[in-house]
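Every chain is numbered from 1, with letters handed out A, B, ... down the list of sequences.
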There are 2 protein chains.
Amino acid sequence: MSKVTLAEKFAKFDDVWSPKLVGALNENYIKVAKCLGELDWHSHADEDEFFLVVKGHLDIHLRDRVISLDPGELFVVPKGVEHKPVATDGAEIVLIEPKSTLHTGDTETEQTVAIEDQPWI
Amino acid sequence: MSKVTLAEKFAKFDDVWSPKLVGALNENYIKVAKCLGELDWHSHADEDEFFLVVKGHLDIHLRDRVISLDPGELFVVPKGVEHKPVATDGAEIVLIEPKSTLHTGDTETEQTVAIEDQPWI
């Protein structure tokens, strides 16, 4: 594996809510994504999901509160917890989640991107 | 779990090569550490290890090359690969590694910090 320079990766794409693979870590993938607007409510029954904001601002809505993330802040959505990421003015994020994780969890929506359609960049 | 503001965590300690726990992600811990000088050569037989530099500069020496990391750059040391982290002028880093990972891998040295001695902050 080579090192990953996050700024270089984010310069390579503009589509939002469409994670790209940049590395593997044990049974997880390391991904980068751009966010703008809202992703659908969903949960992952057996998988924690790591969010680190690199640029912009991301609100992770949970059913009982909102986790508000600026650059240099991270949050792990615990397995089974419903969440809805919202980035009104845009955000660039690093995601780490098991290789088995489905994009929108147990809920397939028009925004769902299958893992086989998440490219390496 | 609460969100983790990395700058707040790094403000809480000054010791180097002594990882602190800030989160759990599936079978991994998320840790922060300050680095200054060199850690001993070691490897982890069955575990990949994630390094993200937040501040400063970290050189990860491998036997055949050096991975040179500035802020916003990350690298996964693959399982079984010998490595020696060097931060001549200091660095602040995020580590993610399996809960079972030993600090200096299969090599116990004077720098080794047992997992039970790695505190939550």
Original post:
Do other residues, nucleotides or ligands put more than 12 heavy atoms under 6.0 Å from B:Lys9 NZ?
Top reply: yes
Original post:
Tell me, side chain or backbone of A:Ile96 under 4.5 Å from chain B's heavy atoms, or both, or neither?
Top reply: both
Original post:
Picking from A:Ile30, A:Val22, A:Val54, which has the most non-hydrogen pairs under 4.5 angstrom with chain B?
Top reply: A:Ile30
Subject >> Toward chain B: residues of residues 81-94 of chain A with heavy atoms under 4.5 Å >> reply: none
Subject >> Contacts with chain B made by residues 66-76 of chain A (heavy-atom distance under 4.5 Å), listed by residue number >> reply: A:Ile67, A:Ser68, A:Leu69, A:Gly72, A:Glu73, A:Leu74, A:Phe75, A:Val76
Original post:
Does any donor atom in the side chain of B:His61 or B:Asp59 lie under 3.5 Å from an acceptor atom in the other side chain?
Top reply: no
Original post:
Which word best sums up how the rings of B:His44 and B:His42 line up, parallel for under 30°, tilted for 30 to 60°, or perpendicular for over 60°?
Top reply: perpendicular
Original post:
Taking the side chain as C-beta and beyond, is there a heavy-atom pair between B:Leu21 and B:Ile121 under 4.5 Å?
Top reply: no
**OP:** Determine yes or no for a side-chain-to-main-chain donor-acceptor pair under 3.5 angstrom, with A:Asp48 supplying the side chain and B:Asn26 the backbone.
**Re:** yes
Subject >> Validation row: A:Leu6, A:Val4 side chains within 4.5 angstrom (heavy atoms) >> reply: yes
Subject >> Flag side-chain contact, heavy atom, 4.5 Å: B:Phe50 against B:Leu95 >> reply: no
Original post:
Under a 4.5 Å cut-off applied to non-hydrogen side-chain atoms, are A:Lys20 and A:Trp120 in contact?
Top reply: no
Original post:
Can you find a side-chain donor-acceptor pair between A:Gln118 and A:Ser18 that sits under 3.5 Å?
Top reply: no
Original post:
Are more than 12 heavy atoms from other residues, nucleotides or ligands located less than 6.0 Å from atom CG of A:Asp46?
Top reply: no
